[in-house]
Amino acid sequence: MAETTNKTQQLIDRGKRVLIGNYARQPVVMERGEGSYVWDADGKRYLDLFAGFGGGILGHCHPELVAAATQQAGKLWHVGNTFYTEPQIELAERLNRFAFEGQAFFCHSGAEANEAACKLARLRGNQKHPNKWKVISLTHSFHGRTLAMVAATGNPAVRQGFEPDVPGFEQVEAGNFDALAKAVDQNVGAILIEPIQGEGGINFHPEGYIQRVRQLCNERDVLLIFDEVWTGCGRTGKWFGHQHYRDVNGKAIEPDIMTLGKAVGGGLPMGIMFAKPQVAALLGPGKHGSTLGGNGICAAVSRTIFDVIDRDKLTDRAAVMGEQAVARLKNEASIRQKVASVRGRGLFIGIELKDPPEQFMEKALARGLVVNLTAKKIVRVAPPINVDQALWEQGLGEVVQLIASL
Ligand SMILES: Cc1ncc(COP(=O)(O)O)c(C=O)c1O
C-alpha cells in the first residue's frame, strides 16, 4: 500500500475513535469514484472489481444516475407512503416488465426486504394453519444481519453471541433435496433460497434442484422466496438469478416473492420485496411499513438503473463477459496449483483457493485492486456490469497475478 499521508492517518485515527469496529476496515480512506475506479485520499487509484459489495452495479457516479438523483433531489425527496409518487410506480412497473407480474414494497436494504418477505409468509401461514409459520433456508446461505435474518442465515458464526435465535427458522443442507422435502412439514410457511449463494462462496444448486423445490412448494402450499439481493439486476447475465432456471416448457421458475437489495439502489439504500399479486394482497393497510422506504431519490435512481441496463443490453453483455472470464481463469497455468475451482455466472465470479490466503486485502490494495475474499478462501469478483471490456480484461490479469503472488 502507498505510504499514508498525515491527513489520511489523522482521518483513520479519528475514524477509529468514533466508528464502531464491526467492519474489518483497511487503513485506506476512499475519497471519490468514477466508473470502475476509486481514488483514496492520497490520490492512489484502484480498479474496483467489487463495487460497493455489489451495490455499484453501474459503477461509481454514473452520469445518468447522478442526473436522476439530482433532478429528483430538486423536485421531491419524500412525502410519506400514504401518497403515490411517480418514481415508485415507474420502478415497480419495471419489475413487472423484467421479472414477473407482481407488487412492490420498498425499504432500504436486503435484510429488510427479507424481513418483509418472512413477515408476509407468516401472515399467510397463520391464516392457513395455526402453526404454519416456519421458514426453511439452506446451509451456507446469507440473508442479512437483523435478528430474524441471522436466524435465517445458514452460517452459525453470524448468529453466535446473539442467542437466543428468533424462533421459526431452520436450515437444511444446501443441495440435498430429500432433506428439504423431509423438513417441509405442515408447520412450514416458506422456503427462502438464494438462486446462487453469494456470501457462502458463489455456490450453485444441483441440476434440477430449483425446479423440484418449486414443485414441492406447490404441492405443500408453501411460499417460495428467492433472495435475489446478490443475483438481481443483471449481475448474473439475466435480469434476475431465477431466470436461469427453466421448467420443461422453457418458462422461468418464478418465486412467490423475490427480494432485492444491493444493485437495485446502485449504491443508495434501496431494498424491495416484490410479491405475486395474490400473496401481496395479504399485506393490507397497517400490516407493514417503512417511513422512508421508496423515497423519491432512491426510487428515481433505481428506475434509471433498470433503464440503463435495458438500453445498453448489459445483461447479455455480462453473460458473455462472465463466460469468457471463467474460461480464462480455468485455463490460467500460473494459478492452477493454487486454485481448487472457478465458479461463476455473468459478472459474479468466485475463485476458490486451495488454502486460505494471508493478508489478502492488503496485497490486493497494494496492487491497486479492490476484490473480495469470502468463506475464508473464495476470491470474489463482481465488477460494475458496465465495466469497460479492455479494463475488465486487464483487471482479470491483475486478479491472476494477485492469486499467483499469494
Ligand atoms: C443474499 C443476501 N441477502 C441479504 C443480504 C443483506 O443485505 P443488506 O446488507 O443490504 O441488508 C445480503 C448481503 O450481503 C446478501 O448477500
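Here, residue 1 is the first one in the sequence, and each next residue gets the next number. Note that ligands are numbered from 1 as they come in the structure, with each ligand's atoms numbered from 1 the same way.
- Of the candidates His78, Met270, Gln72, Cys298 forms a side chain to side chain contact (heavy atoms under 4.5 Å, CB included) with just one, namely Met270.
- The pair Lys276-Glu254 meets the salt-bridge criterion, with a side-chain N (NZ, NE, NH1 or NH2) lying under 4.0 Å from an Asp/Glu carboxylate O.
- At a 4.0 Å heavy-atom cut-off, the residues surrounding ligand 1 are Ser109, Gly110, Ala111, Asn114, Phe142, His143, Gly144, Glu194, Glu199, Asp227, Val229, Trp230, Lys262, listed by chain and number.
- In this structure, Asp221 pairs ionically with Arg124, as a charged nitrogen and a carboxylate oxygen lie closer than 4.0 Å.
- Look at Arg317 and Asp312 and you find no salt bridge, because none of the NZ, NE, NH1 or NH2 atoms lies under 4.0 Å from a carboxylate O.
- The pair Lys376-Glu352 does not count as a salt bridge, with every side-chain nitrogen at least 4.0 angstrom from each carboxylate oxygen.
- Using a 4.0 Å cut-off between charged side-chain N and carboxylate O, Arg328 and Glu332 make a salt bridge.
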